[in-house]
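Encoded as structure tokens, the structure appears first; notes follow it.
In what follows, chains carry the letters A, B, and so on, assigned in the order in which the sequence lines appear, proteins first and then strands, with residues in each chain numbered from 1.
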Number of protein chains: 2
Amino acid sequence: MLAASSEVQIDNDEVRVTEWRLAPGSATGHHTHGMDYVIVPVVGGEMTIVAPGGERSKAQLAAGKSYFRKAGVQHDVLNETSTDIVFLEIELKA
Amino acid sequence: MLAASSEVQIDNDEVRVTEWRLAPGSATGHHTHGMDYVIVPVVGGEMTIVAPGGERSKAQLAAGKSYFRKAGVQHDVLNETSTDIVFLEIELKA
């Protein structure tokens, strides 16, 4: 699979904000979240989530509709659609 | 002026995420930020910022381009354009 691209927008003592862009056919690669985080979708779309055991699920993204997750989440995130997925990941350091 | 509308999307021990929507001709009203915060514009636009002393400035918003501010900022935020301004305010509690 193609690799997702990322760009850090903010990185200070309290927060790191990363823009993730998943072109069609790309994936973040399997990763574990080390911090609690908020996701803010920039465009609508559908992510495919692959859990460590291989189970696959779909998650709908709506532009500007945020959600929160605790540290420890493990997954791969894929774009199996025909349009770019773009979201901001806001990691909470404090 | 019209009042901006707001909707809390997330509110927990660490973070509060509020969606702000400023219709043309609306304003947040003068306020002081009690927490450090990140702004994520959901759509592009131009805000008019009014400082406590009355000085006015313009700030450009680009969808998905975030910025960080420290607690203590005081201002009123106006929409003097013809299209809605929409952004998320992510307040950092920790």
Problem - Residues in residues 81-89 of chain A that sit under 4.5 Å from chain B, counting heavy atoms only - result: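 Counting heavy atoms that sit under 4.5 Å from chain B, the residues of residues 81-89 of chain A involved are A:L88.
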Practice task
Using heavy atoms and a sub-4.5 Å threshold, report which of residues 40-51 of chain A line up against chain B, by residue number.
Solution key: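 Result: A:V40, A:V42.
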Exercise for the section: Check whether any side-chain N or O of A:E91 sits under 3.5 Å from a backbone N or O of A:T18 as a donor-acceptor pair, and report yes or no. Expected result: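 Answer holds: no.
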Problem - Residues of residues 68-75 of chain B near chain A, each having a heavy atom less than 4.5 Å away - result: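 Within residues 68-75 of chain B, near chain A: B:F68, B:K70.
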Problem - Residues of residues 28-38 of chain B near chain A, each having a heavy atom less than 4.5 Å away - result: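 Within residues 28-38 of chain B, the residues under 4.5 Å from chain A are B:D36, B:V38.
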Practice task
Kindly compute the distance separating CD (B:E19) from OG (B:S6), expressed to the nearest 0.5 Å.
Solution key: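 Reported to 0.5 Å precision, the distance equals 9.0 Å.
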Handout entry: Gap separating the CD atom of A:E14 from the CD1 atom of A:I90, nearest 0.5 angstrom
Key =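 Reported to 0.5 Å precision, the distance equals 13.5 Å.
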Handout entry: Salt bridge B:E7-B:R21, side-chain N to carboxylate O under 4.0 Å
Key =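 Salt bridge flag = no for B:R21 with B:E7.
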Practice task
Determine the minimum heavy-atom distance between B:S26 and B:A23, stating which atoms define it.
Solution key: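 For B:S26 and B:A23, the tightest heavy-atom pair comes out as OG-O, 2.7 Å.
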Practice task
Under the salt bridge (Lys or Arg N to Asp or Glu O under 4.0 Å) rule, what do B:D76 and B:R56 come out as? Steps first, then yes or no, please.
Solution key: CA-CA 9 Å; B:D76 191 5; B:R56 299 165 76 88; over 6 Å; no
Handout entry: Residue, of B:L92, B:V17, B:I10, that accumulates the most heavy atom pairs under 4.5 Å with chain A
Key =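 That would be B:I10.
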Handout entry: Toward chain B, the part of A:K93 with a non-hydrogen atom under 4.5 Å
Key =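 No part of it gets close to chain B.
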